[in-house]
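Sequence positions, counted from 1, serve as the residue numbers for this chain. We count ligands from 1, going down the list as the structure has it; atoms in each ligand are counted the same way.
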Amino acid sequence: MLRFLTAGESHGQALVVTVDGMPAGLELDLDALNEQLRRRQGGYGRGRRMAIEADRAEILAGVRHGRTTGAPIALLVRNRDWVNWQQTMYVERDMPDGASGTSRADVTRPRPGHADLAGAIKYGHEDIRDVLERASARETAARVAAGGLARQLLARVGIRIASHVSVIGDVMLPEGRVVSFTEASAIPEDAPLRCVDADVQRRMVAAIDRAREAGDTLGGAFEVIATGVPPGLGSYAQWDRKLDGRLGQALMCIHAIKAVGIGIGPEVALRPGSRVHDEILPPAGTGLPVRPTNNAGGLEGGVTNGEDVRVIGFMKPISTLMTPLRSVDLTTMTPAPAAVERSDVCAVPAAAVVGEAMMGFVLADAFLEKFGGDSIDEIERHYAVTAEQVRRRFSKRATPA
Ligand code: EPS
């Protein structure tokens, strides 16, 4: 079982993540992992914080001479902004001598949509900072570090992941536009919003500008696509083994995600069966049957079917508004505008990169479940044997009469 746990506050010293269950013998490319962290920081609409941070992971445990040992892997991502927050975020009972930054007033006016109010009620906090520091999407840097490890495992067995942004506010790709894995993976890293259509992207940028001017924020949608995924990951046999359910949770638990779709997602409710289900055709040569469409997003019965796995995440607008919504000051219980913290106007492209990481983690877990072993060599052997068995089984039947 592959799992991770994170810790860390947005303006604390660092984020940490422990990844447990990685096999031994996997050669790690730290630069490639840091490239994922860099990608998460990008995107038009982010706030000033991203100019301060330059996220890099440091490996503290579980790797020796560039290879995983099979032990838990500990990673650390420092918060450069910490120097500006020491007087507000110190760990000790009393402020340590020489603490830098400024001492900020308590946050007492919860932002609608944020964890502020629910968190303050649940944990009994008077200063909402104790809620928002951990509820912050800054935590997703640790997830991308964990997902970066998972995708290096997946790359060894030929599975690759890409994403693209399909919706920002009311600007979206034309209806029915299917974006291939090749297209999504060819999006230039300096594309402002990771959208495959230059004209739509221009309109998305303009929509973000308008929202910023109005002191407002925008959400949107992104799609994550995995290619090279073998059939048979996940299971229909038990609810918690269904891979669509596991992917749903993995994306739904990303900050601000309010809905997740598999394949064409909510569209399935509107179309007749004849326009939803992907027909099954004989192979052109040898191999598995082929599918002319992939509305199912590579998942049938909670099991991968060999097609690209496609998952859509729907993100609500960021809940910190510069023109604040109505709220209540919890110290007096009187009406007051919601607290305003420095924040982003739109973070959908960042969420797409987090979506890649989360999908990578779940696919790596499902892959290990089916082809598992303690070392990468053992896993590759198991995978090769099964792939050969499947190939032989179907190639025999494809022989023309
Ligand atoms: C966030 C608020 C902003 C974002 C932050 C998430 O931070 P700050 O208040 O420091 O400007 O930039 O995201 C990140 C720091 C990040 O690394 O993604 C929030 O309230 O969730």
Give the residue, atom name and distance (to 0.1 Å) of the protein heavy atom nearest atom 6 (C) of ligand 1. Ser136 OG, 3.5 Å
Protein contact of atom 20 (O) of ligand 1 - nearest heavy atom, named by residue and atom, plus distance: His114 NE2, 3.6 Å
Examine ligand 1 and decide if any of its atoms is less than 4.0 Å from a heavy atom belonging to [X].
X      : result
Thr320 : no
His255 : no
Gln41  : no
Ser343 : yes

Could you see which bit of Glu53 sits under 4.0 Å from ligand 1, with heavy atoms only: side chain, backbone, both or neither?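 No part of Glu53 is near ligand 1 at this cut-off.
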Contact partition for Ile318 relative to ligand 1, non-hydrogen atoms under 4.0 Å: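 Ile318 to ligand 1: no contact under 4.0 Å from either part.
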Proximal ligand 1 atoms for Met50, defined as those under 4.0 Å from one of its heavy atoms: 14 (C), 15 (C), 16 (C), 17 (O)
Measuring centre to centre across the rings, with the benzene-like ring taken for any Trp, is Tyr383 within less than 6.0 Å of Phe367? yes
Taken in chain and number order and not counting sequence neighbours, the residues that satisfy ring pair (Phe, Tyr, Trp, His ring centres under 6.0 Å) with Phe4 are Phe361
Quick check on salt bridge (Lys or Arg N to Asp or Glu O under 4.0 Å): which of Arg138, Arg143, Arg38 does Asp55 satisfy it with? Arg138
Quick one: do Glu183 and Arg177 make a salt bridge, cutoff under 4.0 Å? yes
Mind checking side-chain hydrogen bond (donor to acceptor under 3.5 Å, both in side chains) for Thr140 and listing every partner two or more places apart, or none if nothing turns up? Arg40
What are the two closest heavy atoms between Ala150 and Gly360, and how far apart are they? CB-O, 3.7 Å
Heavy-atom donor-acceptor pair, Asn305 side chain to Glu300 backbone, under 3.5 Å: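 Not confirmed, Asn305 side chain does not pair with Glu300 backbone.
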